Peer 1: 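Structure below; questions to follow.
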Amino acid sequence: AAALWVAALALSPCDLAAATYYVSTAGSDSSGNGTSGNPWASVTNALANASASDTILVGGGVFTQSVSFAGKALVTVKGGYTNNGGTWDWDPTNQVTVIYGNGSSPIVMPAGAVSNTLSCLSLRGSGTGGNKAGIELTGPASNLLVEGCTIVSNQYGVYGTSTKPQSLTLRNTVLARNTSHAMYFY
């Protein structure tokens with residue numbers, strides 16, 4: 001029985017290492033595989049492939065897309081990286097990572113996600129009209145940590161409903177130049 005218990009410990013999911021995926025403006029969602037040397041082109045694709053406790057490192061540049069964390073848990077998306085031939089260095093001062101909404105709404109949707117983190121990103125350009133927001137908290141209960149980010153030039157910085165339990169923590173995050181409200185909950 002002791003040998004069986006040892007074998008079970010060796011296969012424990014707690015021992016599995018979390019993955020790190022990479023996203024770059026020079027990457028490809030069709031031929032990339034999310035590695036440091038062959039990154040994907042979109043955060044959306046990286047999130048679709050991420051599992052619990054994975055990290056997504058995003059290079060500097062502008063990524064035009066909406067990002068959904070639907071059903072994800074414990075995933076971190078961190079911007080401000082530069083790819084130096086497969087070696088990724090964190091340089092958020094010189095490598096600004098922008099998730100640009102291009103008039104779509106919203107830019108980030110936690111939508112039932114649990115304990116995810118956005119770090120060192122600029123969320124901008126969700127547009128105006130129709131409750132467009134940098135972050136929308138209107139789906140199933142979610143919680144999200146946003147740290148070191150800027151949420152600018154949207155209709156709402158954060159838009160949400162009070163009818164579903166939501167948790168949003170902002171640390172060292174700037175909400176500015178959002179045309180209607182920095183934060184609006186109804």
Side-chain angles (χ1 to χ4, degrees), residues 21-27 29 34 39-50 54-81 92 95-162 164 166-186:
Y21 295 114
Y22 300 85
V23 176
S24 168
T25 55
D29 285 346
W40 286 312
S42 70
V43 175
T44 302
N45 193 49
L47 275 169
N49 286 280
D54 288 350
T55 299
I56 299 167
L57 303 182
V58 187
V62 178
F63 298 84
T64 303
Q65 61 189 147
S66 289
V67 176
S68 174
F69 278 91
K72 296 297 177 179
L74 303 168
V75 175
T76 297
V77 177
K78 186 174 183 181
Y81 283 84
Q95 296 297 318
V96 177
T97 302
V98 177
I99 308 296
Y100 179 68
N102 197 27
S104 65
S105 176
I107 297 173
V108 174
M109 301 163 283
V114 179
S115 300
N116 293 295
T117 302
L118 290 175
S119 180
C120 300
L121 300 169
S122 179
L123 308 177
R124 60 180 66 207
S126 69
T128 59
N131 302 329
K132 295 184 177 176
I135 297 174
E136 182 178 275
L137 298 169
T138 58
S142 306
N143 61 51
L144 180 66
L145 167 62
V146 179
E147 58 185 357
C149 292
T150 58
I151 305 172
V152 297
S153 302
N154 303 291
Q155 181 178 3
Y156 298 98
V158 177
Y159 179 86
T161 177
S162 59
K164 297 179 179 86
Q166 307 286 347
S167 172
L168 175 68
T169 303
L170 302 174
R171 288 190 192 143
N172 300 319
T173 292
V174 175
L175 291 103
R177 296 188 315 273
N178 296 292
T179 58
S180 290
H181 297 87
M183 298 179 81
Y184 181 80
F185 292 90
Y186 64 95

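Just the heavy atoms: all of them, side chains too, but no hydrogens, waters or symmetry mates, feed the values below. Index from 1, following the sequence. Keep in mind it's a predicted model, so treat the numbers as computed, not measured.
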Peer 1: When you measure from the side chain of Lys78 to the backbone of Cys120, do you find a donor-acceptor pair of N or O atoms at a distance under 3.5 Å?
Peer 2: no
Peer 1: Rounded to the nearest 0.5 Å, what separates atom CD in Gln65 from atom CG in Asn102?
Peer 2: 11.5 Å
Peer 1: Would Ser66 and Ile107 count as a side-chain contact (heavy atoms from CB on, under 4.5 Å) if you check the C-alpha gap in whole Å, the side-chain angles of each, and the deciding distance to 0.1 Å?
Peer 2: CA-CA 4 Å; Ser66 289; Ile107 297 173; 5.5 Å; no
Peer 1: Evaluate the criterion side-chain contact (heavy atoms from CB on, under 4.5 Å) for residue pair Tyr21 and Leu57; output intermediate values, then yes/no.
Peer 2: CA-CA 6 Å; Tyr21 295 114; Leu57 303 182; over 6 Å; no
Peer 1: Using a distance-only test with no angle check, is there a side-chain donor-acceptor pair under 3.5 angstrom linking Thr55 and Thr76?
Peer 2: no
Peer 1: Side chains of Phe63 and Thr44, heavy atoms from C-beta outward: is any pair under 4.5 Å?
Peer 2: no
Peer 1: Identify the heavy atoms of Thr97 and Tyr81 that sit nearest to each other, and give their distance.
Peer 2: OG1-N, 4.5 Å
Peer 1: Nearest 0.5 Å, what's the CZ-SG distance between Arg171 and Cys149?
Peer 2: 12.0 Å
Peer 1: Evaluate the side-chain proximity of Val146 to Ile135: yes if any heavy-atom separation is below 4.5 Å, no if none is.
Peer 2: yes
Peer 1: With sequence neighbours left out, write down each residue that passes ring-ring contact (aromatic ring centres under 6.0 Å, His included) with Tyr22, or none if nothing qualifies.
Peer 2: Trp88
Peer 1: Tell me, do Met109 and Val67 make a side-chain contact under 4.5 Å, heavy atoms counted?
Peer 2: no
Peer 1: Quick check: does any side chain N or O of Thr150 sit under 3.5 Å from a backbone N or O of Val152, one acting as donor and the other as acceptor?
Peer 2: no
Peer 1: Please give me the minimum heavy-atom distance between Asp29 and Ser42, naming the atom from each residue.
Peer 2: OD2-OG, 2.6 Å
Peer 1: So Val174 and Ile151, do their side chains get closer than 4.5 Å, heavy atoms only?
Peer 2: no
Peer 1: State, yes or no, whether a side-chain contact exists between Ile56 and Trp40 at a heavy-atom distance under 4.5 Å.
Peer 2: no
Peer 1: Does some side-chain heavy atom of Thr64 sit less than 4.5 Å from a side-chain heavy atom of Val62?
Peer 2: yes
Peer 1: Please confirm whether the backbone N or O of Asn154 pairs with a side-chain atom of Asn178, one donor and one acceptor, at under 3.5 Å?
Peer 2: yes
Peer 1: Stepwise, does the side-chain contact (heavy atoms from CB on, under 4.5 Å) test hold for Val108 with Glu136?
Peer 2: CA-CA 6 Å; Val108 174; Glu136 182 178 275; over 6 Å; no
Peer 1: For Asn45, is there any backbone N or O sitting under 3.5 Å from a side-chain donor or acceptor partner on Asn49?
Peer 2: yes
Peer 1: Below 4.5 Å, heavy atoms only, C-beta onward: do Leu168 and Asn143 meet side chain to side chain?
Peer 2: no
Peer 1: Any donor-acceptor pair under 3.5 Å linking the side chain of Gln95 with the backbone of Gly80?
Peer 2: no
Peer 1: So how far is it from Leu47 CG to Ser68 OG, rounded to the nearest 0.5 Å?
Peer 2: 8.0 Å
Peer 1: Minimum heavy-atom separation for Pro39 and Ser24, please, with both atom names.
Peer 2: CG-CB, 3.7 Å
Peer 1: Any donor-acceptor pair under 3.5 Å linking the side chain of Asn116 with the backbone of Val75?
Peer 2: yes
Peer 1: Among Leu145, Leu123, Thr173, exactly one meets side-chain contact (heavy atoms from CB on, under 4.5 Å) together with Leu118. Which residue is that?
Peer 2: Leu123
Peer 1: Contact between Leu74 and Ser115 at the side-chain level, heavy atoms closer than 4.5 Å - yes or no?
Peer 2: yes
Peer 1: Any idea how His181 and Tyr156 line up, ring-wise: parallel (<30°), tilted (30 to 60°), or perpendicular (>60°)?
Peer 2: parallel
